[in-house]
There are 2 protein chains.
Amino acid sequence: MPRIVTIRTVAERAGCSIATVSRVINRSAPTSAAVDARVRAAVAELGFRPSEIGRALKTLRTRTLGVVIPSLTNPVFAASVAGMQSAARERQHTLLLTATDYEPGAEAELVETLVAQNVAGLILTVADAAENATLDLLDAEDIPYVLVHNEPPHPGRAAVCVDNAAATFALTETMIAAGHRRIAYLAGRFATSDRARRRHEGYRAAMEKAGLEPEVPLELDYLGDAPSHAEALAGLFRAGAPPTAALCSNDLLALSVVGALRTLGFRVPDDVSVAGFDGIALGGAVHPTLATVDTPTRLMGERAVALLFAMINEGAAPRVEHLPFTLRPGGTLAPTARADQPASQGDRITSSPP
Amino acid sequence: MPRIVTIRTVAERAGCSIATVSRVINRSAPTSAAVDARVRAAVAELGFRPSEIGRALKTLRTRTLGVVIPSLTNPVFAASVAGMQSAARERQHTLLLTATDYEPGAEAELVETLVAQNVAGLILTVADAAENATLDLLDAEDIPYVLVHNEPPHPGRAAVCVDNAAATFALTETMIAAGHRRIAYLAGRFATSDRARRRHEGYRAAMEKAGLEPEVPLELDYLGDAPSHAEALAGLFRAGAPPTAALCSNDLLALSVVGALRTLGFRVPDDVSVAGFDGIALGGAVHPTLATVDTPTRLMGERAVALLFAMINEGAAPRVEHLPFTLRPGGTLAPTARADQPASQGDRITSSPP
DNA sequence: CCAGTCCGTGAAATCGTTTTCAGGACCTTA
DNA sequence: TAAGGTCCTGAAAACGATTTCACGGACTGG
């Protein structure tokens with residue numbers, strides 16, 4: 001039977017009223033030095049810790065942030081949650097974490113659960129930020145929230161993200177500059193998510209600007225087993241004039257694609273160049289290192305918490321915060337034999353800071 | 001201003017008392033069909049959702065599980081948390097997630113925070129399960145908890161884990177059977193954690209059983225940058241009679257080591273074989289695939305939740321649940337030239353189920 | 001020296017539920 | 001018809017904190 005020591009116990013021990021104990025603990029009103037000392041002593045002796053529940057019931061606000069993400073298994077989301085957790089901890093808050101596991105309809109249910117817990121605010125990564133009944137509900141009930149990874153077209157929705165279209169545009173241009181003409185576009189299971197669409201748009205725009213034909217995106221199961229990927233890629237890369245490069249919509253997929261291509265007997269990057277998106281840590285640990293767009297995922301989580309607190313405490317208006325991305329060169333991306341100009345390994349193209 | 005519709009609003013709308021509303025919602029007592037229908041209608045119309053806080057204050061128990069892990073950045077922990085989340089969701093519970101970020105002393109503080117939130121129970125991965133004041137405190141206050149990844153020597157502490165020593169023992173024996181005689185032991189920053197110790201014990205035991213000299217463990221920064229790893233490994237592998245294999249205490253480290261060895265000009269596995277521990281998904285996606293001990297991390301999270309609920313609801317006694325591991329062969333581990341017997345790629349040695 | 005402030009404190013209301021207790025309506029049985 | 005059960009239902013008391021209100025005592029200033 002936990003919680004036998006309540007504020008009342010402390011009050012008795014210190015010889016004062018519970019109101020005074022509350023005041024001492026929260027410094028919510030001045031108290032005399034004598035009573036202050038007695039209360040603190042009692043708190044220490046009894047090991048008293050005020051119940052967050054009692055507190056929350058009165059104030060109708062917990063020190064808790066609700067989080068909804070698709071899955072923890074993707075290091076991208078894991079990293080943003082890590083950032084949120086650390087930023088929340090700095091502010092004496094904890095995270096109520098839920099994941100949809102890509103189950104449609106789960107978003108609404110999870111948000112409801114979190115709202116029932118009186119969270120101070122929400123941080124979400126949703127499938128589609130444009131048309132989303134759940135977000136409409138939050139807007140209507142005036143519950144503060146911030147999106148992460150999503151790029152809401154709807155202004156008035158707070159979000160922290162990178163410019164996915166610009167990033168893929170830049171990455172694609174780099175590949176084109178390295179001499180690639182046929183660049184396959186391989187998409188993960190996010191094909192329906194808003195950010196996946198934005199990424200694809202960037203690719204298309206860059207190809208068209210260069211007067212090249214954008215390829216039809218090939219959808220692959222995100223981190224499906226390598227054999228299945230090899231099979232799916234065989235048709236494309238064993239055709240007459242195969243692509244010399246593959247742009248993958250995320251890093252997990254890219255790593256798997258590198259493995260699959262090798263299984264098929266292609267050398268990376270000699271026969272086929274590969275690039276990913278996200279900048280997960282592992283991409284730099286494998287050999288050859290993965291060329292990718294480095295996005296500050298952990299920082300995104302931190303910034304999301306900061307923005308959420310600004311909205312809650314200072315009534316800041318919701319805004320979209322674009323974080324800078326970096327093109328990270330890597331061993332998997334090399335110039336073609338007939339490259340117009342060799343890509344310098346040292347170059348790092350960074351988006352202009354917001 | 002959220003939460004304007006309380007149980008009282010519903011009662012008014014349905015024309016009954018709040019007690020009856022509560023009874024209908026929780027089916028805690030029989031109610032007439034008429035009133036039942038009216039209440040349900042009112043609930044639906046008003047979009048009422050009972051406040052978990054009000055409920056918790058009365059029952060002194062939330063539908064929340066507290067989680068403490070070292071870091072979300074390690075996919076091993078991310079995977080177990082994913083398992084916990086899914087198992088908790090099945091039981092209408094949510095996760096209050098915290099991470100120590102390897103900061104000493106954070107464990108105690110985080111547990112205190114979680115207890116103040118009246119969590120129904122706790123799931124922890126701690127640095128040392130043997131001597132741990134925080135766990136003693138939980139024992140004393142009779143707050144149910146389950147350890148994950150830890151192997152508590154202290155009986156009476158609930159835990160879900162694999163037999164780390166047996167697993168490393170088996171892995172080391174496999175490497176020895178492949179002909180390796182000098183097998184380096186590379187440890188991550190977990191060097192001080194109890195499971196890292198158990199893993200090292202298994203390695204030592206296998207080496208000694210085979211009449212071989214165990215190497216002094218080389219400590220590397222877990223996922224430090226590849227160059228620093230290359231530097232650290234240079235001395236060991238460029239010596240007179242270098243090891244022909246490296247056993248790494250976890251997969252992230254192993255992947256990085258593979259990269260570092262290649263940077264140094266070694267071929268993997270031709271010159272040096274490498275094996276890891278954990279069985280993270282990415283190990284199977286890279287090329288060559290990583291030889292490792294596959295541990296059911298996600299399942300561990302699920303089982304931990306199941307065990308915790310058994311303890312909470314059925315008063316089950318705390319117990320240690322050992323989950324089976326699997327030796328996963330991979331391209332990074334090959335026989336030496338003078339191997340006693342070639343390792344068959346198809347073999348999978350599995351620990352006996354518990 | 002008195003009136004007016006200010007400061008520290010306690011009593012009590014409140015937050016949204018669950019749960020106990022008691023009572024009224026209805027039915028059964030003698 | 002009266003006695004005794006069942007069933008439902010409502011009033012009210014918790015749960016553990018915060019916060020408003022009022023009050024007594026000690027200042028301050030004229």
Side-chain angles (χ1 to χ4, degrees), chain A residues 1-40 42-43 46-64 92 112-113 115-120, chain B residues 1-40 42-43 46-64 92 112-113 115-120:
Chain A
M1 51 186 78
R3 185 151 315 279
I4 43 221
V5 40
T6 78
I7 197 173
R8 233 164 291 272
T9 328
V10 177
E12 276 172 37
R13 176 80 150 234
C16 66
S17 74
I18 61 169
T20 301
V21 174
S22 172
R23 284 190 269 257
V24 170
I25 291 176
N26 305 316
R27 300 184 203 287
S28 53
T31 46
S32 72
V35 101
D36 197 284
R38 286 212 311 278
V39 168
R40 289 192 193 290
V43 165
L46 297 168
F48 171 71
R49 188 138 195 151
S51 157
E52 283 294 334
I53 294 185
R55 174 174 288 165
L57 181 58
K58 180 62 188 175
T59 60
L60 288 187
R61 183 170 176 277
T62 61
R63 293 186 182 168
T64 288
Q92 265 85 256
E112 245 188 302
T113 312
V115 170
Q117 313 250 12
N118 277 71
V119 291
Chain B
M1 54 185 75
R3 184 150 315 279
I4 42 218
V5 40
T6 77
I7 197 174
R8 233 165 292 270
T9 328
V10 177
E12 276 172 36
R13 176 80 149 237
C16 65
S17 73
I18 61 169
T20 301
V21 175
S22 172
R23 284 189 270 256
V24 170
I25 292 176
N26 305 315
R27 301 183 203 286
S28 52
T31 45
S32 73
V35 104
D36 197 284
R38 286 212 312 279
V39 168
R40 288 191 194 291
V43 165
L46 297 169
F48 170 71
R49 192 143 189 146
S51 157
E52 283 293 335
I53 294 187
R55 174 173 288 165
L57 181 58
K58 182 61 190 173
T59 59
L60 289 188
R61 184 169 176 276
T62 61
R63 292 186 183 169
T64 288
Q92 264 85 255
E112 246 188 302
T113 312
V115 170
Q117 313 250 11
N118 278 69
V119 291

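It should be emphasised that the depicted structure is a prediction, and the values quoted were computed from it without experimental measurement. Residue numbers begin at 1 in each chain, while the letters A, B, ... track the order of the sequences.
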Enquirer: Between B:Arg13 and B:Val10, is any pair of side-chain heavy atoms under 4.5 Å apart?
Expert: no
Enquirer: Could you list the residues that satisfy side-chain contact (heavy atoms from CB on, under 4.5 Å) with B:Ala56, not counting sequence neighbours?
Expert: A:Ile53, B:Thr62
Enquirer: Check side chain to side chain donor-acceptor pair (under 3.5 Å) between B:Thr31 and all other residues, then give those that pass, not counting sequence neighbours.
Expert: B:Asp36
Enquirer: Write down the distance between CZ (B:Arg55) and C1' (D:dC15), rounded to a whole number of angstrom.
Expert: 15 Å
Enquirer: So, taking the atom named CG in B:Leu46 and the one named CD1 in B:Ile7, what distance separates them when rounded to the nearest 0.5 Å?
Expert: 12.0 Å
Enquirer: Using atom CD1 of A:Ile4 as one end and atom P of D:dG16 as the other, report the distance to the nearest whole Å.
Expert: 11 Å
Enquirer: Using five base pairs at each end to define the local axes, how bent is the helix from C:dC1-D:dG30 to C:dA30-D:dT1, to the nearest 10°?
Expert: 40°
Enquirer: Checking B:Ala120 now: which residues fulfil side-chain contact (heavy atoms from CB on, under 4.5 Å) with it, not counting sequence neighbours?
Expert: B:Arg61, B:Leu65, B:His93, B:Ile312
Enquirer: Of the options C:dG16, D:dA17, D:dC8, whose atoms approach the side-chain atoms of B:Ser32 most closely?
Expert: D:dC8
Enquirer: From NZ of B:Lys58 over to P of C:dT18, roughly how many Å is that when rounded to an integer?
Expert: 10 Å
Enquirer: Regarding B:Leu57, tell me which of base, sugar-phosphate or nothing describes its non-hydrogen contacts under 4.0 Å with the strands shown.
Expert: base
Enquirer: Under a 4.5 Å cut-off applied to non-hydrogen side-chain atoms, are B:Arg55 and B:Asn26 in contact?
Expert: yes
Enquirer: Closest approach to the side chain of B:Arg8, judged atom by atom: which nucleotide of D:dA17, C:dG16, D:dT9 is it?
Expert: C:dG16
Enquirer: Round to the nearest Å and state the distance from A:Ile53 atom CD1 to D:dT18 atom P.
Expert: 13 Å
Enquirer: Distance from B:Ile18 atom CD1 to B:Arg23 atom CZ, nearest 0.5 Å?
Expert: 10.0 Å
Enquirer: Just the rounded figure in Å: distance from C1' of C:dC7 to CZ of A:Arg27.
Expert: 18 Å
Enquirer: What is the distance, to the nearest angstrom, from the CG atom on B:Leu46 to the P atom on C:dG16?
Expert: 14 Å
Enquirer: Does anything in residues 11-24 of chain B come within less than 4.0 Å of DNA chain D? Heavy atoms only, and list the residues if so.
Expert: B:Cys16, B:Ser17, B:Ala19, B:Thr20, B:Arg23
Enquirer: Could I get the full list of side-chain contact (heavy atoms from CB on, under 4.5 Å) partners for B:Ser17, not counting sequence neighbours?
Expert: B:Ala19, B:Thr20
Enquirer: What is the distance, rounded to the nearest whole Å, between atom CZ of B:Arg63 and atom P of C:dT17?
Expert: 12 Å
Enquirer: Going from OG1 on B:Thr113 to CZ on A:Arg49, what distance comes out if it is rounded to the nearest 0.5 angstrom?
Expert: 5.0 Å
Enquirer: Please compare A:Asp36 and B:Ile7 by the position of their nearest nucleotide in DNA chain C and report the one closer to 5'.
Expert: A:Asp36
Enquirer: Find the distance B:Arg61:CZ to C:dT17:C1' and express it as a whole number of Å.
Expert: 16 Å
